[in-house]
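Throughout, protein chains are lettered first and strands after them, A, B, ... in sequence-line order, and every chain is numbered starting at 1. Quick note: numbers below take in every heavy atom, side chains included, and nothing from hydrogens, waters or symmetry partners.
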Amino acid sequence: NPFFLQILHLPSGNPKPSSKFCVLDPLIHPQSDLHLHLHLFVLIIIMSNPTTPMNANAPSSSSGGAGSPDSAPRRNSKRPKYSRFTQQELPACKPILTPKWVISAFMLVTIVFIPIGLASLFASRDVVEIIDRYDNACLTGSKSDKVQSIQSVSTNKTCFRSLTVRKRMKQPIYVYYQLDNFYQNHRRYVKSRSDSQLRNRGDENQTSDCKPENDVNGMAIVPCGLLSEQEDLIVWMRTAALPTFRKLYGKIEVDIEAGETINVIVGNHYNTYSFSGKKKLVLSTTSWLGGKNNFIGIAYLAVGGLCLLLATTFTLIYLVKPRHLGDPTYLSWNRNPGGH
Amino acid sequence: MSLDDAQIVNVNPQLQSPDTLQNSSSHGGGFQSKSWRASSVQEVGFVDFGSKSVPQGSQGGGADSEGLSLSMSHREIDNEDARLVYVNDALKTNERFEFAGNSIRTAKYSVLSFLPRNLFEQFHRVAYIYFLLIAILNQLPQLAVFGRGASILPLSIVLLVTAVKDAYEDWRRHRSDRIENNRMSSILVNDRFQQKKWKDIQVGEIIRLSANDTIPCDIVLLSTSDPTGVAYIQTINLDGESNLKTRYAKQETLSRIPEKDRMNGLIKCEKPNRNIYGFHATMEFDGKHLSLGPSNIVLRGCVLKNTNSAVGVAVYAGSETKAMLNSSGAPSKRSRLETRMNQEIILLSIFLVALCTVVSVCAGVWLGRHRDDLDILPFYRKLDYSEPEAENYNYSGLGMEILFTFLMSVIVFQIMIPISLYISMELVRVGQAYFMIRDDKMYDKTSNSRFQCRALNINEDLGQIKYVFSDKTGTLTENKMEFKYASILGVDYSGEGTDFDGEQRGYCIQVNGQVWRPKMMVKVDKELLQLSQTGNNMKASKQIYDFFLALAACNTIVPIVVDTSDPAEKLVDYQGESPDEQALVYAAAAYGFMLMERTSGHIVIDIQGERQRFNVLGMHEFDSDRKRMSVILGCPDDTVKVIVKGADSSMFKIIDKSFNLDVLRATESHLHSYSSIGLRTLVVGMRELGIPEFEQWQSSYETASTAVMGRVALLRKVAINLENNLNVVGASAIEDRLQMGVPEAIESLRKAGIKVWVLTGDKQETAISIGYSSRLLTSNMSQVVINSNSKESCRKSLEDALITSRKFVVSGDPHAGGFGALIIDGTSLVYILDSELEEQLFQLANHCAVVLCCRVAPLQKAGIVALIKNRADDMTLAIGDGANDVSMIQMADVGIGISGQEGRQAVMASDFAMGQFRFLVPLLLVHGHWNYQRMAYMILYNFYRNAVFVLVLFWYVLFTGFTLTTAVTEWSSVLYSVLYTSVPTIIVAILDKDVSRRSLLTYPQLYGTGQRQESYNAKLFWLTIADTLWQSIVVFFVPLFVYWKSDIDGSSLGDLWTLAVVFLVNVHLAMDVIRWSWISHASIWGSIVATCICVIIIDIIPVLPGYWYVRSLA
């Protein structure tokens, strides 16, 4: 359902207006400069929390099973009180899949799906996307060289990338960072957080869920756990569904003409080299459908095409070998007397 | 004394009969004691009610327990096995506290015991233990996949619902127990009768009952308001029979007045048992040794009728009464579909293990490949850096990690085994039973009875029946006997009966200015009527006189006078257990021999307007060995006659052959012609007893009937000695009409591919003629008859028949639906069953379209059912109405009891009970088909719906480094099978109809789908699994690819998957629904809406991860 997908696809998080030229690498090791942002994050989270936490309404059963409207007056006769319900004669609609219905249904699906598919494909084609993998560009050499240099404090982590825009990009342009092969949905990762700590300043020492990332020298880490990183915490805390994912970083609210160059300064702090992860910077415009994705269009076209094929086949069969509806000679014991 | 003053039921006090001595023990003639033999039915392992009620003298009952029953009555009571009851001395009786008090307790639980006991009972189900284990596993910190609440919720919901249901039922039982226990009765305390609560009654106490009182416990009668000691009771609460039964107090105790004469005595009786037709005891009273039988005891739950008062002593109380011992539930069976389903559930658990193995192996490989990176992987972090020395954190080595992964995946994928399915099936069966009970088409107006579901587990078996084994009498026929023809002195009186019109309103008599007439009119033969009215001058009319006298006297019928709207007219209602006897007495009345009064010592018969009194000097009850009964009458002319009536086979053995051979031959040929048109025949014989012979008989009769050891055998010996050299008086023919709609029903069942076998105790000619009239047999059918007297001849006839039938099958035309009919009798079956010939019989029977077994004993009926059940993979159904059908009803896969004339034992042993044979057609063809089809679909659908969900979880696990992260929230995965998708499947399985009732009845062949297991089989199962696989792939991967490389978070995508799966399985169900009523609409669409609401509610809760997603929407 495209409409539904759309809802889920709304930009999320609190993207802050960002400048055209400065995108910070958010993936700094949590322990590096923690205290700087500590205050801010706690504040944000308390604010974004309703002051009175809603009580969970336990989902109650929605409907009872088969009701039994019991006959109230019991006379001497035990004859069951007649009702259409007890005699299983409730008015009911019985759709029969006649050839006409089946063919029309398939045709209807074809007629609806193929245009949607085409529209989706065009929409997806119009989306301009610039993907820049910067982890390999910022550091060169063998894997161990890279790991060594990113772990070294003395290395300059600043990295300059310049992206050329091939096609005009209309605002808003969303800026994402993309990680490949990063299991943010790893069970240990997902569980390693303390919601109570984040919800309430008083509970800041409740970090048992975050072990082993729970404290430093006896002081609770806030936010604790594997999950907690620093910039744009909320965006990050909403763990990605898949090991290849994007996180929204910001939004550029000016159009960028074709041929223009975007210069990006990236702080390449985070070590993805050791687990063969990839870091990418993504700039993407949106269409009514969202980002660049040909899959939806192809899927619609495939289903639409299949239905067209089926509709045509059924029509042909129907024309070549029509069959009277409800013909008792087709009953198995009439077709094959004796042996069922 | 004037006979005009005689009351039929309440005998005038002056009417103290002079012959009390002779008949002090002849009260056993009450029908309740007739052949109440604990037959050896225990051998087939069913509840023994004793096989009572083989219609007296009927050919049908004749062969019933021949050679197969052991008479329990032979057993004498040892002191070891006896219960000693001191009459009127409850203290001494109960001094060892071994007897139960009279308070009853049907409730299972008390407030304290409820929780442990109810849980213990619930955990008898393997599935619950599985889920309990999983919940416990989940509590281990290493394996905590779900939170505490979510892991326990589904099981606790199930347990809670069942517990609430049980508690409610138990509360109702408590309430009814309380009411029952607090009823009042009049008890003798310190020589005065006092009101006492039922629960305080003790064994040994003396109880006084008034008319219409319900009997509080099992009581041995001591005296009644009737001077001869008769009490009439109604046993409708016990066995459903509404006619009055007679019970007797012993002569010795009769005259005592409990308040004045201190009654002292000792009753030595059997230990409590559940045989409601048997009682065996002796009583020491005033130094005399008396024997007590079933006619001396009245059971709890019965009602005293037509008797002003009765006094008795309690012998069994409370839980030890026969009524309470019999109040156990129906036997539990498991349906074939459920057995099949359990196999598939084993397959599903293999899938489950396979999925878990895949996950754990992958996880192992993953951990192995990243062995060196684990410390620093940002999302794994094996090492704990917070300590000065970095240590392993939460990492137990590769092997343990694999094991943990395996166990965690079992927890995550647990609903692969559908826990909700068992509860859904129970709910669906309740719904199906509701519709079957309420079906208008299965309500029997004549007996005012609805269809009854006694077993709740085998509804769907009704859709797969291949063999129907039917009793004849009372099942195919009405068991309402009507006197048809008589053959007297070799003359056949079979003229067409006259209707009563004009002044001819049947025979009636004048009593005290009132007109008494029999309750039922019988069509009479004009010639015979005339002859019977001419007195007993001529030889023919003398014989006719004897014949009707025999009919009126040789029975156990009790006449009851009923008021009518006209005060000047009264009706005589003949109450008795055997419908054959009733028919004969009504016939005698129609010909002017009207039985007016019966007490224990005499009967009064109005013979053509002249009241005559006959003393009943003795009576030898019917038993199935002798197959006859006899009565010894002292006639008004001071002669003593013995009258015998019984089955022709047994009667011709004891008839004086020297007497008039022509008459004998003519009678025989009449009998043959009667039975060949389906009538039930009886032969009546009679002779006069000389004084020496009478005295000899009398002394041996008295000795036998007061004997302590082997009384029944002794009495039988006395009877056999007496019953010989009889003159044949005549023969009667009684019609037992086919029930309404039987031929049509059999035709429908045959068309539906169901083989109908008739198993009857009747003789061959009767069985065959019923076979024709019920359209079981047709004239173009070849008949194979096997009547053999030895094993060898059985073998030969079977082999010959097999060869013929094989030839027929090869050459024959398949439209005939099989090779003719097999007719086999009980004697041959004795040689065939339980021998190597069984296999041949099975082969032969398989080729035949119809099988008729005649003269079969109850155990043979069960043997025949077992023959098919054990050899063929087909479902069997047995239907019958009498005690002799109990064994086959319990042997068959589905047992059906007809709630008819012959008591309730068949119903009590059955899984379903109904009023008429023809209800089989709607039951099997309509309800059976629906039940089967609905249940089969529901099981497959439940497999599908749970497996789709599990597979979606599984696919996701492949994208999380095999760590069993679930994108779907734990609450959604718990609620999925309990709430999101459960209601529509139950509703559809109760309400949907694949084919309408009309089509099912028009085309009985549609029943074949169930017989061929077309709605549930291995092929469908695998198809369902393949379908599941493909649907789960679509529903998982489409959102995955749509959001590939997007910034979607786990819980959003998880919610999307939840909604997608719920939408998918509900729409899948919707597409399979054939009839859409508003209920189906509401449940399916309602479920989808409810799911959306639940998902939103879950995401609103801030502690759950989806919260952020909902907030950003807001």
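Counting heavy-atom pairs closer than 4.5 Å to chain A, the top residue among B/Trp1078, B/Trp1044, B/Trp1076 is B/Trp1076. Considering only heavy-atom pairs separated by less than 4.5 Å from chain B, the leading option among A/Val282, A/Leu242, A/Leu90 is A/Leu242. Between chain A and the options B/Leu1053, B/Leu964, B/Ile1074, B/Val1089, heavy-atom pairs under 4.5 Å are most frequent for B/Ile1074.
In this structure, CD in A/Gln178 is found 10.0 Å from OG in B/Ser1046, a value given to the nearest 0.5 Å. The distance from the CD atom of B/Gln1005 to the CG atom of A/Asn334 is 7.0 Å, given to the nearest 0.5 Å. A distance of 13.0 Å separates CD1 of B/Ile1048 from CZ of A/Arg246, quoted to the nearest 0.5 Å. How far OH of A/Tyr249 is from CG of B/Asp1047: 15.5 Å, rounded to the nearest 0.5 Å. Between the OG atom in A/Ser274 and the NE2 atom in B/His370 there is a gap of 10.0 Å [rounded to 0.5 Å].
The salt bridge (charged side-chain N to carboxylate O under 4.0 Å, His left out) search around A/Arg84 returns none, not counting sequence neighbours.
Both the backbone and the side chain of A/Gln88 come within contact range of chain B, each with at least one heavy atom under 4.5 Å from a heavy atom of that chain. For B/Phe962, no part lies near chain A; criterion is any non-hydrogen pair under 4.5 Å. Interface residue A/Tyr82: only side-chain heavy atoms are found under 4.5 Å from chain B. For a residue to count as touching a neighbouring chain, one of its non-hydrogen atoms must lie under 4.5 Å from one of that chain's; by this rule B/Val1038 touches chain A with backbone and side chain alike. Looking at A/Tyr176, only its side chain comes within 4.5 Å of chain B, counting heavy atoms on both sides. Only the backbone of B/Ile437 comes within contact range of chain A, judged by heavy atoms closer than 4.5 Å. In this structure, no portion of B/Met442 lies under 4.5 Å from any heavy atom of chain A. For A/Pro91, the part lying under 4.5 angstrom from a heavy atom of chain B is the backbone only.
Across A/Thr86 and B/Phe435, no two heavy atoms sit closer than the pair O-CD2, 3.3 Å. Between B/Arg450 and A/Lys78, the shortest heavy-atom distance links the atoms NE-O, 2.5 Å. For A/Ala92 against B/Ser1077, the heavy-atom pair with the smallest separation is CB-N, 4.0 Å. For B/Thr965 against A/Arg187, the heavy-atom pair with the smallest separation is OG1-N, 3.1 Å. The two atoms that bring B/Tyr1003 and A/Pro328 nearest to each other are OH-CB, 4.2 Å, heavy atoms only. For A/Pro80 against B/Asp440, the heavy-atom pair with the smallest separation is O-OD1, 4.1 Å.
Using a 4.5 Å cut-off on side-chain heavy atoms (C-beta onward), A/Asn294 and B/Phe1041 make no contact. By the 4.5 Å heavy-atom criterion applied to side chains, B/Asp439 and A/Gln87 are counted as neighbours. You'll find the side chain of A/Phe295 stays beyond 4.5 Å of the side chain of B/Phe1037, heavy atoms only.
Residue pairs that meet the salt bridge (charged side-chain N to carboxylate O under 4.0 Å, His left out) test with at least one member in residues 958-967 of chain B, sequence neighbours left out, do not exist here.
When atom types are taken as modelled, the side chain of A/Asp180 and the backbone of B/Lys1045 share no donor-acceptor pair closer than 3.5 angstrom.
Aromatic pair B/Phe959/A/Tyr183: centroids not less than 6.0 angstrom apart.
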